[in-house]
Amino acid sequence: MEPKVKAGIWVSMAIRLSDMAGRPAAVLRRGDPDSGGILCILLGREGCVVLSQARDAEGRPAWLRGTGSAPVEEALATAYVDRQVQRDPDLWVLEFEAPDLLPPFEARMI
């Protein structure tokens, strides 16, 4: 199993990578700086996708499309995020402009 990076450090890295790629990003909600989970909202031309942190079968960090394989309307993405925050108040929520619906950071998808 790979060591876990503190959430606050990972968020700073993701925001910087997005900035370097010329894609605006924002922290919509601050979670626990040490061990909070992270949700990433990707705003694209065709709708939104919410990525949720997960682990693959080998225990490596990965991302899961929480809102499904197809883009959804922004209202549905917001409702998904709200439900997740109710379950886990330590969540971070980030938003990235991603016309191609690809994250500006390295992401293993499952």
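Below, all heavy atoms of this structure are taken into account, side chains as well, without hydrogens, waters or symmetry copies.
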Undergrad: I need the full list of ring-ring contact (aromatic ring centres under 6.0 Å, His included) pairs touching residues 45-78, with sequence neighbours left out, sorted by first then second residue.
TA: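 Passing the test, one end in residues 45-78: Trp10-Trp63, Trp63-Phe105.
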
Undergrad: Check whether any side-chain N or O of Arg29 sits under 3.5 Å from a backbone N or O of Pro89 as a donor-acceptor pair, and report yes or no.
TA: yes

Undergrad: Once salt bridge (charged side-chain N to carboxylate O under 4.0 Å, His left out) is applied, what residue pairs with a partner in residues 94-106 remain, sequence neighbours excluded?
TA: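 Pairs touching residues 94-106 that pass the test: Arg23-Asp100.
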
Undergrad: For Gly8, is there any backbone N or O sitting under 3.5 Å from a side-chain donor or acceptor partner on Ser12?
TA: yes

Undergrad: Is a side-chain donor or acceptor of Gln53 paired with a backbone partner of Gly37 at a separation under 3.5 angstrom?
TA: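 Such a contact is absent between Gln53 side chain and Gly37 backbone.
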
Undergrad: Residues two or more places apart in sequence or in another chain: which of them pass salt bridge (charged side-chain N to carboxylate O under 4.0 Å, His left out) with Asp82?
TA: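 Counting only residues at least two positions away or on another chain, Asp82 forms no salt bridge (charged side-chain N to carboxylate O under 4.0 Å, His left out).
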
Undergrad: If you measure from CG on Leu94 to CG on Leu28, what distance do you get to the nearest 0.5 Å?
TA: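 These two atoms lie 7.5 Å from each other.
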
Undergrad: Any side-chain heavy atom of Gln84 within less than 4.5 Å of one from Leu91?
TA: yes

Undergrad: When rounded to the nearest 0.5 angstrom, what distance separates CD1 in Ile38 from CG in Asp90?
TA: 12.0 Å

Undergrad: Would you confirm whether Thr67, through its side chain, and Val50, through its main-chain N or O, come within 3.5 Å as a donor-acceptor pair?
TA: yes

Undergrad: Given 3.5 Å as the limit, does a donor-acceptor pair link the side chain of Trp92 with the main chain of Asp32, or not?
TA: yes

Undergrad: Work out which heavy atom in Ala107 is nearest to a heavy atom in Pro103; give both atom names and the distance.
TA: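 It is CB-CG, 3.7 Å.
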
Undergrad: Determine whether a donor-acceptor pair (N or O, by modelled atom type, separation under 3.5 Å) exists between the side chain of Ser18 and the backbone of Ala14.
TA: no

Undergrad: Closest heavy-atom contact between Leu51 and Arg65?
TA: CD2-CG, 3.8 Å

Undergrad: Tell me whether Ile9 shares a hydrophobic cluster with Val27, the cluster being built from Ile, Leu, Val, Met, Phe, Trp, Tyr side chains joined at under 4.5 Å.
TA: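 In one cluster: yes.
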
Undergrad: Write down the atom of Pro104, the atom of Leu17, and the distance for their closest heavy-atom approach.
TA: O-CB, 3.6 Å

Undergrad: Nearest 0.5 angstrom please: Thr78 OG1 to Ile41 CD1, how far?
TA: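 Result: 6.0 Å between the selected atoms.
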
Undergrad: Supply the atom-to-atom distance Ser52 OG to Leu39 CG, rounded to the nearest 0.5 angstrom.
TA: 5.0 Å

Undergrad: Return the minimal non-hydrogen interatomic distance between Ala54 and Ile110, and the atom names on each side.
TA: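 So the minimum-distance heavy-atom pair works out to CB-CD1, 3.8 Å.
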
Undergrad: Applying side-chain contact (heavy atoms from CB on, under 4.5 Å) to Arg60 and Arg108, what does each step give before you reach the verdict?
TA: CA-CA 9 Å; Arg60 296 174 301 197; Arg108 181 180 305 124; 3.0 Å; yes

Undergrad: Do Phe96 and Val11 sit in one hydrophobic cluster, given that two such residues count as connected whenever their side-chain heavy atoms are within less than 4.5 Å of each other, even indirectly?
TA: yes

Undergrad: Looking only at non-hydrogen atoms, find the nearest pair between Ile15 and Ala25 and report the distance.
TA: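 That closest heavy-atom pairing would be CD1-CB, 3.7 Å.
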
Undergrad: Quick one, Lys6 and Ser35 - any side-chain contact, counting heavy atoms below 4.5 Å?
TA: no

Undergrad: Kindly check if the number of other-residue, nucleotide or ligand heavy atoms within 6.0 Å of CZ (Arg16) is above 12?
TA: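 No, not enclosed.
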
Undergrad: Minimum heavy-atom separation for Leu43 to Leu101, with atom names?
TA: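 Shortest heavy-atom separation between Leu43 and Leu101 comes out as C-CD2, 4.3 Å.
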
